[in-house]
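Please see the structure below; I have some questions.
Predicted, not measured: the structure shown is a model, and the values here were computed from it.
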Amino acid sequence: MLAIGALLGSALIAVPVAAHATTAPATATSAPTAEAVAAAAGLDDPVKKEIAMKIVSSAENSSLDWKAQYKYIEDIDDGRGYTAGIIGFCSGTGDMLDLVEYYTQIKPGNVLAKYLPALRRVDGSDSHAGLDPNFTKDWVKAAQDADFRKAQDHERDRVYFNPSVNQGKADGVGVLGQFIYYDAIVMHGDGGDSTSFRNIRGRALSKAKPPSQGGSETAYLNAFLDARVWAMKQEEAHSDTSRVDTAQRVFLKKGNLNLNTPLDWKVYGDSFHIG
């Protein structure tokens, strides 16, 4: 939702694990730990990515039907102008501008292209100048276009999903940890301010080592969530920390590091379930 400043790299392509033939006799081996299993998986697995989108949608839109959110747009009075689409692109934080620029690149003359000058002017503010009165109607109209939906998917992956998964894998955390990163970067962006993703991660690293440095995955993720809660409480619009307390923390306490279903959680008082 808050793409600010430089982000973390491009998509990491998941490489399937191949079986290797051997002539040596089979020997008994110990079962992998839950943390080892989690670390071997990735949130970029299509099934896990679908789960991630549903959980984020439960917080952003109070619905598991994330695909219904391409057309979503409103000003939620958080100082970021219009919030819209499947990941909460904002007119005041640059990611909505990037999205419409990309959409116009792949489909010149689209219904939103005429708003590019206004989007450039309002970037960094909560202003609607040059957008009202028809921008919201045109956004909904654009959402009927498969190219615009693909553009939203593209920018979600480029700005939020791929960087968080890549960083999670580099830190040695599994599916849940990668999702925890993803949800954080969606809300806080990755700029230089103290509440950005990179600085939340920095606070966590000062308290616990990630698995890539020999630390406990569970201890590290708890430290990250502590830092995330701190960041959320710095801003009134994000001060309700239930998307951590009664969702991500629940999965972590259960040791569900691979984000396996069934999943039950609450966000802002609403209950959700994925079977």
Can you check salt bridge (Lys or Arg N to Asp or Glu O under 4.0 Å) on R80 and E235, steps first, answer last? CA-CA 13 Å; R80 295 174 175 84; E235 187 176 1; 2.7 Å; yes
Taking the six-membered ring for Trp and the single ring otherwise, decide whether the centroids of Y182 and Y160 are under 6.0 Å apart. no
Verdict with supporting geometry, K266 and S271, side-chain contact (heavy atoms from CB on, under 4.5 Å): CA-CA 4 Å; K266 293 182 179 180; S271 297; 3.3 Å; yes
Shortest non-hydrogen contact between A129 and A118, atoms and distance: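 Answer, listing the atom of A129 first, then A118: O-CB, 3.7 Å.
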Output all residues satisfying ring pair (Phe, Tyr, Trp, His ring centres under 6.0 Å) with Y268, sequence neighbours left out; order by chain, then residue number.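 Not a single residue meets the ring pair (Phe, Tyr, Trp, His ring centres under 6.0 Å) criterion with Y268.
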Checking side-chain polar atoms at under 3.5 Å, does Y70 have a donor or acceptor matched by the opposite partner on D145?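 No, no side-chain donor-acceptor pair sits under 3.5 Å.
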Not counting sequence neighbours, which residues clear ring pair (Phe, Tyr, Trp, His ring centres under 6.0 Å) with Y72? List them please.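 Ring pair (Phe, Tyr, Trp, His ring centres under 6.0 Å) list for Y72, sorted by chain: empty.
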Evaluate the ring planes of F135 and Y82, with Trp represented by its six-membered ring, and classify them as parallel (under 30°), tilted (30 to 60°) or perpendicular (over 60°). tilted
What residues, two or more places apart in sequence or in another chain, satisfy ring pair (Phe, Tyr, Trp, His ring centres under 6.0 Å) together with Y220?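 For Y220 there are no ring pair (Phe, Tyr, Trp, His ring centres under 6.0 Å) partners, ignoring immediate neighbours.
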Minimum side-chain heavy-atom gap V47-T261 below 4.5 Å: no
Check this for me: does any side-chain nitrogen of one of D157 and K49 sit under 4.0 Å from a carboxylate oxygen of the other?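 Answer for the salt bridge query: yes.
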Assess, by modelled atom type and distance only, whether the side chains of W66 and E50 contain a donor and an acceptor separated by less than 3.5 Å. yes
For a side-chain contact (heavy atoms from CB on, under 4.5 Å) check, start with the C-alpha distance between E236 and D78, then their side-chain angles and the critical distance, and finish with the verdict. CA-CA 8 Å; E236 179 61 30; D78 64 350; over 6 Å; no
Salt bridge (charged side-chain N to carboxylate O under 4.0 Å, His left out) with K54: which residues, sequence neighbours excluded?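 Testing K54 for salt bridge (charged side-chain N to carboxylate O under 4.0 Å, His left out), a comparison that skips the adjacent residues, returns none.
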Check whether the side chains of Y181 and N166 place a donor and an acceptor atom closer than 3.5 Å, and report yes or no.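 The criterion, which ignores hydrogens and geometry beyond distance, is not satisfied for N166 and Y181.
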Closest non-hydrogen atom pair, A204 against A227: N-CB, 4.2 Å
Among pairs that include at least one residue of residues 201-213, which meet side-chain hydrogen bond (donor to acceptor under 3.5 Å, both in side chains), considering only residues two or more places apart or in two chains?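 As it turns out, the side-chain hydrogen bond (donor to acceptor under 3.5 Å, both in side chains) pairs with a partner in residues 201-213, which skip direct neighbours, are D171-R201.
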Under 3.5 Å, is there a donor-acceptor pair linking the side chains of S63 and D65? no
Criterion salt bridge (Lys or Arg N to Asp or Glu O under 4.0 Å) on K67 and D153, from CA distance to verdict: CA-CA 10 Å; K67 292 180 181 178; D153 292 344; over 6 Å; no
Residues in ring pair (Phe, Tyr, Trp, His ring centres under 6.0 Å) with F179, at least two apart? none
